[in-house]
Amino acid sequence: MIPASLRALLDATDGQRRADWAGREVWLAREPWGELAVSLQGAQVLHFLPFAGAPDGPEDARAEGSLPAPAADASQSPEGLVPGGWLWVTPTPQALPGAIRGGIPLCWPWFADERTADESPDRSGPMHGPARKADWRLEAVDEHEEGVELHLSPVERLHSQLVPRAVIQANAQRLHVELITEHVGETPVKITGALHSYLAVAEAHACRVEGLAGARYLDKLADFAEREQQGELGVRGGLDRIYHSNAELVLDDGRRRLRVARQGSDSAVVWHPGEALPADTSAEAGRHFLCIESANTRLDPVWLVPGAQHLLGTTLSLVGDA
């Protein structure tokens with residue numbers, strides 16, 4: 001579920017190209033296997049829609065694909081959301097240098113207030129680290145019949161000892177994103193981070209997240225109180241929880257079941273702001289996303305020593321697909 005303006009750019013794409021959207025350079029693909037949109041601000045996946053199993057081609061895939069419907073008048077409004085895709089992006093993105101809310105932002109090399117890798121004198125660096133607002137360079141595009149693989153790196157150095165790179169793989173069955181951190185310095189560094197995935201849903205407060213039953217979690221809305229998940233998680237209002245779990249999860253919004261697998265992560269963050277929506281998100285648009293994040297948090301920070309690497313990954317696929 002993406003803004004109509006981004007949908008229009010994709011509809012005008014045949015193959016691959018670069019374009020300007022909301023003041024950012026974006027890389028677009030519309031191929032037989034599906035669609036992909038990536039912002040070069042933040043190396044951020046904005047849109048993914050596979051065309052697998054759509055006998056009538058891309059238009060059928062967009063309408064079919066177990067995807068949520070937008071508001072009744074959204075398709076008529078250039079500022080509204082239109083259906084299609086597994087990810088959600090706000091229809092009113094912040095102007096530069098603000099970050100884009102939606103898709104899969106890269107939170108690096110710290111997540112939220114876990115600022116151990118923040119090199120500013122008073123640890124007052126940007127929320128979720130500098131990677132999500134930085135300019136990234138598209139280093140390589142590897143194409144094959146089944147899909148595409150992108151390799152990206154920051155244009156400028158973001159940390160004195162750490163170097164990140166991103167790998168994005170997309171095909172007709174799945175989307176896979178990796179955030180790889182290499183330590184090129186001389187002293188150990190403690191990092192956290194997240195792939196802050198905004199998943200498109202029919203109705204946020206009617207979702208069910210399977211795979212967390214019995215897991216311990218920190219409730220950020222209750223001053224990080226530690227609790228245990230009783231049964232599967234039903235989303236009925238605002239929540240912000242860090243689950244200590246590396247289990248594969250399934251998001252069921254009543255219209256599709258999306259598998260969320262994670263790599264290099266023992267924390268699963270589940271977040272929706274409820275009625276306390278951020279300024280760049282309307283009440284109507286806010287109904288249609290739920291964040292399920294592959295993360296390293298205070299529960300599983302990563303100590304990197306010189307020469308070491310860490311891979312944080314997330315893989316999205318429909319339940320039932322191979």
Side-chain angles (χ1 to χ4, degrees), residues 1 68 87-90 92 94 98-108 110-116 118 123-129 132 191-247 249-254 258 260 262 265-301 312 314:
M1 186 170 287
L87 304 174
W88 173 98
V89 174
T90 179
T92 53
Q94 299 181 60
I100 301 171
R101 184 174 304 282
I104 306 181
L106 308 184
C107 303
W108 182 95
W110 64 85
F111 172 67
D113 291 324
E114 308 300 316
R115 298 173 181 269
T116 56
D118 188 346
R123 290 190 174 175
S124 61
M127 177 66 74
H128 297 319
R132 61 198 291 258
I191 66 171
T192 56
L195 301 174
H196 198 314
S197 306
Y198 287 75
L199 305 178
V201 298
E203 175 61 58
H205 296 159
C207 289
R208 173 184 170 96
V209 181
E210 302 172 5
L212 293 171
R216 304 293 295 180
Y217 68 89
L218 300 180
D219 190 342
K220 295 180 70 174
L221 300 184
D223 198 25
F224 290 91
E226 184 175 357
R227 294 169 176 163
E228 181 176 313
Q229 178 64 42
Q230 303 298 315
E232 303 293 3
L233 172 61
V235 181
R236 299 296 177 262
L239 78 166
D240 194 352
R241 300 178 181 178
I242 305 173
Y243 286 88
H244 199 185
S245 170
N246 59 12
L249 307 179
V250 173
L251 168 61
D252 187 341
D253 76 341
L258 191 65
V260 183
R262 294 169 291 119
S265 163
D266 287 326
S267 290
V269 177
V270 183
W271 176 72
H272 190 277
E275 295 182 358
L277 289 162
D280 59 5
T281 305
S282 69
E284 176 58 38
R287 294 173 47 210
H288 299 298
F289 76 82
L290 181 69
C291 290
I292 301 180
E293 307 168 33
S294 177
N296 298 120
T297 70
R298 63 175 62 188
L299 296 178
D300 64 329
L312 178 65
T314 192

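Only this structure's heavy atoms are used, side chains among them; waters, hydrogens and symmetry mates stay out. By convention here, the first residue in the shown sequence is residue 1.
- Taking all atoms of both residues into account, the shortest heavy-atom contact from S124 to R115 is C-NH1, 4.0 Å.
- When all heavy atoms of P301 and T192 are compared, the closest pair comes out as CB-CG2, 4.1 Å.
- Ion pair R208/D252 not flagged as a salt bridge, since none of the NZ, NE, NH1 or NH2 atoms sits closer than 4.0 Å to an Asp/Glu carboxylate oxygen.
- When L195, L233, L249 are each tested for a side-chain contact (heavy atoms from CB on, under 4.5 Å) with I292, only one passes: L249.
- Looking at Q229 and R241, their side chains come closer than 4.5 Å, going by heavy atoms from C-beta outward.
- For the side-chain contact (heavy atoms from CB on, under 4.5 Å) test with W271, the passing option among I242, D240, L239 is D240; the others fail.
- More than 12 non-hydrogen atoms from other residues, nucleotides or ligands lie less than 6.0 angstrom from CD of E228.
- Ring pair Y243/Y217 is tilted by interplanar angle, where 30° to 60° counts as tilted.
- Here the options are R298, R216, K220, the test is salt bridge (Lys or Arg N to Asp or Glu O under 4.0 Å), and the partner is E226; only R216 passes.
- Take H244 and apply the ring pair (Phe, Tyr, Trp, His ring centres under 6.0 Å) test, not counting sequence neighbours, and it matches no residue.
- L218 and F224 make their closest contact through CD2-O, 3.7 Å (heavy atoms, listed as atom of the first residue, atom of the second, distance).
- The shortest non-hydrogen separation linking P126 to W110 is O-NE1, 3.1 Å.
- With a 6.0 Å cutoff to the six-membered ring centre and a 45° limit on the axis angle, R101 does not count as a cation-pi contact of F289.
- Looking only at distances, no side-chain donor or acceptor of W88 sits under 3.5 Å from a matching main-chain atom of G286.
- Checked by atom type, the side-chain pair S267/T297 shows a donor-acceptor distance below 3.5 Å.
- The shortest non-hydrogen separation linking H128 to A112 is ND1-N, 2.9 Å.
- Side chain of R227 to main chain of D219: no donor-acceptor pair is present (N/O by atom type, distance under 3.5 Å, no hydrogens or angles).
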